[in-house]
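Following: one structure in structure tokens, then a few remarks.
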Amino acid sequence: VQLQASGGGLVQAGGSLRLSCAASGRTFSNYAMGWFCQAPGKEREFVAAISRSGGSTYYADSVKGRFTISRDNAKNTVYLQMNSLKPEDTALYYCAATRGVVARYEYEYDYWGQGTEVTVSS
């Protein structure tokens with residue numbers, strides 16, 4: 001499956017962004033999806049994940065209550081709504097797909113998008 005992330009940009013602290021990740025090539029609803037981020041000089045880390053149906057979601061503690069992951073299987077797209085953004089959210093955000101059940105770890109994912117950059121100014 002091919003993944004194309006978009007929606008990143010520059011936003012002030014406290015603002016919002018919505019990231020999108022469009023999938024193509026395979027049956028989207030067969031894949032659980034996740035978002036990861038990598039800040040400059042740091043390891044890539046888990047942000048959020050959603051099950052194939054969208055019925056189950058999981059979040060990193062650092063984004064709980066601020067970010068919401070969702071999906072539209074009819075549009076082959078997964079979203080990450082990011083509210084109350086903080087400067088520490090600045091990172092390159094990647095979407096990923098797994099043939100398994102919803103997952104939190106990089107090694108569990110089979111396909112990765114190219115990343116979209118989010119910069120939060122203070």
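Quantities reported herein were computed from a predicted structural model and do not represent experimental measurements. Index from 1, following the sequence.
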Walk me through whether L80 and T68 qualify under side chain to side chain contact (heavy atoms under 4.5 Å, CB included).
CA-CA 6 Å; L80 186 67; T68 303; over 6 Å; no

Rounding to 0.5 Å, atoms SG (C37) and CG (L92) come to a distance of 9.0 Å

Hits for side-chain contact (heavy atoms from CB on, under 4.5 Å) against A49, two or more places apart or cross-chain, chain-then-number order -> F46, V102, Y109

Sorted by chain and number, sequence neighbours left out, side-chain contact (heavy atoms from CB on, under 4.5 Å) with E106 holds for F36, R44, W112

Do R71 side-chain atoms and F28 backbone N/O form a donor-acceptor pair below 3.5 Å?
yes

K64 meets the side-chain contact (heavy atoms from CB on, under 4.5 Å) criterion, sequence neighbours left out, with Y59, D61

For V1, the side-chain contact (heavy atoms from CB on, under 4.5 Å) test, sequence neighbours excluded, returns L3, A23, R26, Y31, A97, Y111

- Just do the side chain to side chain contact (heavy atoms under 4.5 Å, CB included) check on Q114 and Q4 with the steps written out, would you? CA-CA 7 Å; Q114 85 292 356; Q4 180 73 40; 3.1 Å; yes

Value for OH (Y94) from CG (L19), rounded to nearest 0.5 Å, stands at 13.0 Å

Members sharing Y107's hydrophobic cluster, built from side-chain contacts under 4.5 Å between Ile, Leu, Val, Met, Phe, Trp and Tyr, are Y105

Interatomic distance, CH2@W35 vs CD@E45, rounded to 0.5 Å, equals 15.0 Å

- Keeping the roles fixed (side chain from T116, backbone from Y93), state whether a donor-acceptor pair exists under 3.5 Å. no

So the salt bridge (charged side-chain N to carboxylate O under 4.0 Å, His left out) pairs with at least one residue in residues 109-122 (sequence neighbours excluded) are R99-D110

So disulfide bond (SG atoms under 2.5 Å apart) across residues 49-122, not counting sequence neighbours, yields C21-C95

Closest heavy-atom pair, G100 versus A32, reported as atoms and distance to 0.1 Å, is O-CB, 3.8 Å

(request) Could you check V11 against T119 for side chain to side chain contact (heavy atoms under 4.5 Å, CB included), going step by step and ending with a plain yes or no? (result) CA-CA 6 Å; V11 64; T119 303; over 6 Å; no

Residue pairs passing the side chain to side chain donor-acceptor pair (under 3.5 Å) test with at least one member in residues 47-56, sequence neighbours excluded, are none

**Message:** Side chains of Q12 and V120, heavy atoms from C-beta outward: is any pair under 4.5 Å?
**Reply:** no

Tightest non-hydrogen contact, residues S29 and N73, listed as CB-ND2, 3.6 Å

Nearest heavy-atom approach of A103 to E108 is CB-OE1, 3.4 Å

Residue pairs passing the side chain to side chain donor-acceptor pair (under 3.5 Å) test with at least one member in residues 75-91, sequence neighbours excluded, are S16-N83, R66-D89, Q81-N83

